[in-house]
2 protein chains.
Amino acid sequence: MDILDRDGLTEREFLERYRAGDFERPSVAADMVIFTVTDAEEDNYRKLPEKELRVLLIRRGGHPFLGKWALPGGFVRPNETTEQAAVRELREETGVDNVYLEQLYTFSDIGRDPRTWVMSCSYMSLIDGGQVQVKAGDDAAGAAWFKVSYRLVRESKELIEGGYVKTLQYELKLSSDHGELTAVVERTVTVTEASTATSYSIVSNDGLAFDHAKIIAYAIERLRGKVNYTDIALHLMPKLFTLTELQQVYEVILDKELLKAAFRRKVADLVTETDHYTENAGHRPSRLYRRSLEEFR
Amino acid sequence: MDILDRDGLTEREFLERYRAGDFERPSVAADMVIFTVTDAEEDNYRKLPEKELRVLLIRRGGHPFLGKWALPGGFVRPNETTEQAAVRELREETGVDNVYLEQLYTFSDIGRDPRTWVMSCSYMSLIDGGQVQVKAGDDAAGAAWFKVSYRLVRESKELIEGGYVKTLQYELKLSSDHGELTAVVERTVTVTEASTATSYSIVSNDGLAFDHAKIIAYAIERLRGKVNYTDIALHLMPKLFTLTELQQVYEVILDKELLKAAFRRKVADLVTETDHYTENAGHRPSRLYRRSLEEFR
DNA sequence: AAAATAGTGTCTGTCAGACAATATATG
DNA sequence: CATATATTGTCTGACAGACACTATTTT
């Protein structure tokens, strides 16, 4: 079609003459919250090991935040989508491919990067414990898997004109051989007659770079929310697993104990039984399951 | 702290000397999917008017997509967050302020804007029908409220090695005095042993600019999902409303009829009754409710 | 037999779907 | 009274929480 604009140009002519304005543009980074689940050490081999939720962090080798720990990530390049950048980062840092990946949120606070204007388009990826190489101890690259703990530590509600403000403080604790990082992230929900608004801020932060405490907190909340009504947790499992292991994963994500019978009923449609069993476990063998490919609901 | 990097610089020195690289950067736009609910015309005044879900579109006055309809939006400026840009656009286009606003998704497909590299950080806003000025007919600005219809029109499932691909096609129909726009958006879910991936693409598109059909489809799906487990729909209601009106809003969002008794039980905790009633309605008056500010759940 | 986990049975209360019955305005 | 909507009652089946019981392996 050849509609002319007010300058008498066709769309083709317009585009040929178009020059990107001299407006300042942001850099956009894709930052990855990569979760996995691993077994904790267990002295008594007859007891089942506990599961731990872990997140991958990289130690920064240059300014800013030199020596602090940051999410893996990098700038999105021209002719690449944010998702492609995320996939690229994931492969570079973990060597894995074709895993669960989900866009989380785009963070754009002013000054979130002290160098320049940088937005972060964040992604969450779930990797099964089995396929994680022992990159954990790979200190050369400065990468490590940190055990995640995320707990509500303070809750308050203040009445304001025409509504209230609810403040929730969560303590994010990340621990590994390299020490422990602690941050407190606050979620503020402002409810008034007209609207409801939620915002996140970092109250304190020891050891994490940028606003990455906020991004990790956001990822954990997304994960906790989705665990209850999707099969998302199954992406953290190896090909074959027992229902008890799956329950442990749910429990470590939700930081809450679940009842066995109810749990099994709930996940029944998400898994398919196999004819394999665990062996030499020091007790009754357990049937192994795999993720069901059939739809549920 | 004065840790030195490999060049022997402190963080302050590093930042003072830092120059944004000459890497190409994307423009980032904040695009708004602004929903409201209005009454349809009703001849018989004793019957209740039906509700319609509407979205605000702007007719493009220049290339590219001259004459097509687009979501309100604009580029994010330096020293501004994407959310601030969204709030700014919202105020410019509708005059409203302090309404429900939620970040949706960041779209970054290559070539989504024929001019240059542009990502779209999209937001959804919900406005109550009462406070919408008659900007609808405001043709000068080229803005109009389009009635939304979004329906599954094709569903197929193809087996692939180690899993399956499910393809869902939705027809998005937008209608107003300015005519009807139609697009078909496809959601492809690829399920394999290792992962589950979802992607959206535009199959056909008549009258909408850019990839905005995809963004609107994404917004409708988010809205439909959240309606069932949050009080999000209440942000589409005026201060006082009847339960039947609220039910109509749920029905128009979900495109599905609901049972009255069950609906009333479900929303009981989301609303607070008042002592006011509808008047002169041609039938039994109805109690008016307002959104409950108390927490639910 | 003891230790440890695997797996099943069942009661109970909540809640959504379905349908029916009753209530109260206007024309 | 007819029309139209408002509001409540109740039956039923699905399902989650709670708890108890049985089963099977290794030491």
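The sequence lines fix the lettering, A, B, ..., with proteins before strands; numbering per chain opens at 1.
In this structure, A/Lys47 atom NZ and C/dA3 atom C1' are separated by 10 Å, rounded to whole Å. Atoms OH (B/Tyr277) and P (C/dT26) sit 14 Å apart, rounded to a whole Å. Taking atom OH on A/Tyr289 and atom P on C/dA6, their separation rounds to 11 Å, with Å as the unit.
Here A/Ala268 pairs with nothing under the side chain to side chain contact (heavy atoms under 4.5 Å, CB included) rule; sequence neighbours left out. Residues forming a side chain to side chain contact (heavy atoms under 4.5 Å, CB included) with A/His235 (at least two apart in sequence, or on another chain): A/Tyr100, A/Leu126, A/Asp231, A/Arg291, B/Thr196. With sequence neighbours left out, B/Thr274 forms a side chain to side chain contact (heavy atoms under 4.5 Å, CB included) with B/Leu240, B/His276, B/Leu288, B/Arg290. Annotation: side chain to side chain contact (heavy atoms under 4.5 Å, CB included) contacts of B/Ser156 (sequence neighbours excluded): B/Arg154, B/Thr167.
Applying the 4.0 Å criterion to OP1 and OP2 of C/dA6, one finds that A/Thr244 has a side-chain N or O inside that range. Between C/dA25 and B/Ser286, no contact under 4.0 Å exists linking OP1 or OP2 to a side-chain N or O.
Where A/Gly282 and A/Thr278 meet DNA chain C, the nucleotide closest to each residue was compared, and A/Gly282 sits on the side nearer the 5' end.
In 5' to 3' order, the nucleotides of DNA chain D bounding all contacts with chain A (an atom under 4.0 Å from a heavy atom) are D/dA16 to D/dT27.
Using a 4.5 Å heavy-atom threshold, the side chains of B/Ile220 and B/Phe35 count as touching.
Backbone-only engagement by B/Leu48 is indicated by non-hydrogen atom pairs under 4.0 Å involving sugar-phosphate atoms exclusively.
A/Tyr164 carries A/Lys157 over the face of its six-membered ring, with the cationic atom under 6.0 Å from the centre and within 45° of the normal.
The side chain to side chain donor-acceptor pair (under 3.5 Å) with A/Tyr150 is formed by just one residue from the set A/Arg224, A/Lys173, A/Glu171, A/Glu221; it is A/Glu221.
Other residues, nucleotides and ligands contribute over 12 non-hydrogen atoms within 6.0 Å of the CD atom of B/Glu180.
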What nitrogen or oxygen pairs link the protein and nucleotides 15-24 of chain C at under 3.5 Å?
residue : atom : partner  : partner atom : Å
C/dA16  : N7   : B/Arg265 : NH2          : 3.4
C/dG17  : N7   : B/Arg265 : NH2          : 2.9
C/dA23  : N3   : B/Arg284 : NH1          : 2.6
C/dT24  : O4'  : B/Arg284 : NE           : 3.3

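Remark: the B/Arg54 side chain and the B/Thr36 side chain contain no N/O donor-acceptor pair separated by less than 3.5 Å.
Contact annotation: side chain of A/Arg46 to base of C/dA3, donor-acceptor pair present below 3.5 Å.
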